[in-house]
**Q** 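Before anything else, here's the structure in question.
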Amino acid sequence: MPRRPRTRRLLATLAAFAVVLGVALPASTAVADATPSPSASATPATLSAAPAANGILRSGDALSVVTTLTAGPSSAVSTPVALGIGRDPLADDAALERWLSGDATGVTVQQVATGSVDAAPAGAQSTTTLSVAATDAALAGRAAGVYPVQVTAASVGLSAATVIVVPADTGAQTPIALVVPITAAPLTRGLLTANELAELTAVDGALSAQLDAVDGTGATLAIDPAIPAAIRVLGSSAPPTAVAWLQRLLSLPNDRFALQFGDSDVAAQLRAGLSAPLSPTSLQTYMAAADFTQPAPAVSAVSTPDPSPASTPGQPTYPSTATLLDIGTATVNVYWPSTGSAGSDTVATLGALGTADHPAHVLVPSTSVAGGARQAAAAVGGVSTPVYDAEVSRALADAAGQNDATLRGSSLAAAQGYLAMARAATGEQPVLAVLDRGTDRSRVSLRATLGLIATAPGFAGSRLATLAELPASEIALTEPTVDDARVSEVSALLDDEQVVDRFATILDQPELLTGRERAEVLQVTNISWTGDAARKAVSDHRAATSTTLDSVGILSSDFRLVSSSAPLRPWVRNDLPWPVTVVLSVRPDDARLRVQDHTTVDAQASANTRVEVPVEARIANGEVGVDLQLFSPTGEPIGQPQAVDVEVRAEWESIGLIAIIVLVVAFLSLGVVRTVARRRRAAAAPPEEDHDAVDGVGNKDPDADGRGDADPDDADPSDIDPHDGDPEGADPDAPAADTDNTDIEQETRP
């Protein structure tokens, strides 16, 4: 009994723990299930609609609208859709724009057809076509105009807006001209490379798609001259596909004009303080001698404006800059600033660049015209200013950039609607449209977009040159959209270019560097560079320019001179691919060290070159600071200055000289001593034994050994014979014989 409460408490604790686990585990599972799978599409479901025939609906035609549903993150089921059409046409461009943007205010549509879109997995598309018979009362008796069309999928809360155009087949046709750019994606280098050209001009390349689209049309071509130049600078090494592409471009009958090199932003250049747009100065740096020693197909693909000068056989013949940039027969002094960037001041500056024979023409959008006037033939302050329809052009650009067929059809229908509005607004006045710059446009999209202009009801093809020659109406422009950051970047690039121009005087051919810098400045100010990408392109180029300016400098360290006159030996570093000529300036901070002030150095390409600067020390011992600086032959500072310490130990030269003299004297003295000693030993050596040196009893003469008399003090008394030297056995008491050395020497010598 006492244990029962404890057991109950234990069971209660276990039960509570189980409840906690039971609640916690499902909660964790729910969180995991709510997290989308990495493989599942996170794109929301979308609905798009495109009427057939680019939105043209003539009397007696049936209406067909292609509807595409892109499934969202989860699998969709079959979705019912409904087609509705407005009872009244849209009033103007503003109403059309509101409708296409999803604003249905003031628009009433009636349902004319229903259908369903099949189920599709996440991210996949399912398409159906909604049709209305030509005899349907909803289509009968409609007046000319642009009518709103809507497809709704109520079950998923989606709708898609588009339009149909009932054309007015009566009245004169309205002239229409179209400008199409021939450009590549923006670059940071000066020119396209051979590999890039090979890719772009291949059968499925972007540049090939552009030519395919304009071939056979009346479009006016706006050509970036950097593309033909990139092909021609390669000479005989140009890719065959690129050469064929250039030949095809030049053979097209289309009117054309040249964009700025690299499609550079002309308005930003003028706002940065220039009086005229920049142009290339030289492209020599991109040409190799081996590619121009023999006639090059890429060069012969264009007619040379000026005869090429005769060259020595075996020597390269380079085309001129004008030849490299040639785009064929073109209208000159045509400018196409980016949309909305040109104001009255820009037009006036560009207009001053024209001549009586070749006046300037500045293309501006209708959105920049005060009052919204949209006539193509216009002028600002007497300067020809063709106005292109901004709405039509925007819809054309949208269509050209769409690879999805339904979305492309919707954009084409919108363009058709804007064209109908333009015709109604301008009457018989011509209309100008542009296909604005863009990249990654497919051949199909481009061809369909240009085909729309050629087949638009009520319009007849014309040319930009024809429109520009018509009597112009004076218009006023609104304040332009100014990108202050862009203008500041251009100003900074121009300042950098001036520094590079001064730096390039170290080259025998400064244009190798200045021409490259100008080409790259034009490329990084390409109109297609926008936003953060534009900022980065300029930043990267300026960093590369700083590297170029730092490519020549001094390599040095502190020196020690052990002589009163010896050379300083610094290095000149040259990282450029060309040899340079610089002047090394050396300035000591102490007059007691005399140096050669200026030394001209021919530094090899991509190498370090040793320099010897004569130095004379007027002090025996000390340290002197020396400033080193490179200059161009014209006196421009090159690289960073260097400061080194020169330690002078000139007395070491005297000490060393004295030491050498002492050693020489010592060795000579030693040689003399050894020679004299050797001769004395030779003279003191005993002569050969003869009979004249032996007495009658066979005893050797004491002096015959060459040693002379022995020292009496050294003789052993026991060895002395008392009778030695007495020839006759004389009396021992007789006086001793005279042993004077002189006498002995006289007696023994003959």
Side-chain angles (χ1 to χ4, degrees), residues 495-510 512-514 517 542-661:
D495 292 341
D496 290 348
E497 186 181 26
Q498 293 180 2
V499 177
V500 172
D501 288 348
R502 296 192 295 268
F503 175 82
T505 55
I506 63 178
L507 299 174
D508 291 337
Q509 294 179 281
L512 294 175
L513 192 55
T514 59
E517 178 68 13
R542 297 197 68 193
T545 299
S546 297
T547 300
T548 298
L549 296 175
D550 190 47
S551 59
V552 178
I554 301 171
L555 297 177
S556 181
S557 59
D558 294 345
F559 295 92
R560 172 176 290 178
L561 298 182
V562 297
S563 172
S564 60
S565 59
L568 297 179
R569 304 186 67 197
W571 296 85
V572 171
R573 172 181 54 84
N574 178 20
D575 297 333
L576 293 175
W578 313 286
V580 301
T581 300
V582 292
V583 178
L584 176 62
S585 172
V586 182
R587 293 187 177 183
D589 62 1
D590 194 315
R592 292 178 295 175
L593 188 67
R594 183 190 302 174
V595 300
Q596 180 172 294
D597 292 343
H598 296 87
T599 303
T600 300
V601 183
D602 293 324
Q604 298 302 309
S606 302
N608 297 329
T609 303
R610 173 74 81 176
V611 184
E612 292 194 356
V613 181
V615 176
E616 180 179 350
R618 298 178 179 178
I619 57 176
N621 187 10
E623 292 186 358
V624 178
V626 176
D627 294 329
L628 306 177
Q629 174 68 65
L630 292 177
F631 291 90
S632 72
T634 60
E636 296 295 333
I638 303 298
Q640 297 298 322
Q642 296 269 349
V644 298
D645 293 329
V646 178
E647 183 179 359
V648 182
R649 292 291 180 263
E651 75 279 5
W652 288 7
E653 181 182 21
S654 300
I655 295 173
L657 182 61
I658 293 173
I660 291 174
I661 293 174

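What you see is a predicted model, and the numbers here were worked out from it, not measured in a lab. Position 1 is the first residue of the sequence; numbering continues from there.
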**Q** Taking Leu576's backbone N and O only, do any of them form a donor-acceptor pair with Ser606's side chain (distance below 3.5 Å, no angle check)?
**A** yes

**Q** Run Arg573 and Asp550 through side-chain contact (heavy atoms from CB on, under 4.5 Å) and show every step you take.
**A** CA-CA 10 Å; Arg573 172 181 54 84; Asp550 190 47; 4.1 Å; yes

**Q** For Arg610 and Arg569, indicate whether the former's side chain and the latter's backbone hold a donor-acceptor pair under 3.5 Å.
**A** yes

**Q** With Glu636, which residues qualify under side-chain hydrogen bond (donor to acceptor under 3.5 Å, both in side chains), at least two apart?
**A** none

**Q** Between CG of Leu630 and CD of Gln640, what distance do you get to the nearest 0.5 Å?
**A** 11.0 Å

**Q** What's the separation between atom CD in Glu612 and atom CD in Gln596, rounded to the nearest 0.5 Å?
**A** 11.0 Å

**Q** Could you work out, with side-chain hydrogen bond (donor to acceptor under 3.5 Å, both in side chains) as the rule, every residue matching Asp589, not counting sequence neighbours?
**A** none

**Q** With Ala603, which residues qualify under side-chain contact (heavy atoms from CB on, under 4.5 Å), at least two apart?
**A** Val572, Asn574, Val580, Thr609

**Q** Determine the minimum heavy-atom distance between Ser556 and Leu628, stating which atoms define it.
**A** OG-CD1, 3.7 Å

**Q** CG/Asp495 to OG1/Thr545 distance, rounded to the nearest 0.5 angstrom?
**A** 12.0 Å

**Q** Under the rule for side-chain contact (heavy atoms from CB on, under 4.5 Å), what residues qualify as partners of Pro579, not counting sequence neighbours?
**A** Ala605

**Q** Thr514: what forms a side-chain contact (heavy atoms from CB on, under 4.5 Å) with it, not counting sequence neighbours?
**A** Asp501, Ala504, Glu511

**Q** My understanding is that only residues two or more places apart in sequence, or in another chain, count here; which of them pass salt bridge (Lys or Arg N to Asp or Glu O under 4.0 Å) with Asp597?
**A** none

**Q** Thr600 and Val583: side-chain contact (heavy atoms from CB on, under 4.5 Å), yes or no, with the steps?
**A** CA-CA 4 Å; Thr600 300; Val583 178; 4.1 Å; yes

**Q** Kindly write out the residues that satisfy salt bridge (Lys or Arg N to Asp or Glu O under 4.0 Å) with Arg587, not counting sequence neighbours, or none if the list is empty.
**A** none

**Q** Check step by step if side-chain contact (heavy atoms from CB on, under 4.5 Å) holds for Val615 and Val646.
**A** CA-CA 10 Å; Val615 176; Val646 178; 5.7 Å; no

**Q** Taking side-chain hydrogen bond (donor to acceptor under 3.5 Å, both in side chains) as the test, write out the residues that go with Thr634, two or more places apart.
**A** Thr505, Ser632

**Q** For the atom pair OG1 (Thr548) and CG (Asp575), what is the distance rounded to the nearest 0.5 Å?
**A** 10.0 Å

**Q** How far apart are the C-alpha atoms of Val552 and Phe503, what are their side-chain angles, what is the distance that settles it, and do they pass the side-chain contact (heavy atoms from CB on, under 4.5 Å) test?
**A** CA-CA 10 Å; Val552 178; Phe503 175 82; 4.1 Å; yes

**Q** Partners of Gln642 by side-chain hydrogen bond (donor to acceptor under 3.5 Å, both in side chains), sequence neighbours excluded?
**A** none

**Q** Quick one: list whatever passes side-chain contact (heavy atoms from CB on, under 4.5 Å) with Gln629, sequence neighbours left out.
**A** Phe631, Pro637, Pro641

**Q** To the nearest 0.5 Å, what is the distance between CG on Leu513 and CG on Leu549?
**A** 8.0 Å

**Q** Which pair of heavy atoms, one from Asp645 and one from Gly625, lies closest together, and at what distance?
**A** OD1-CA, 4.0 Å

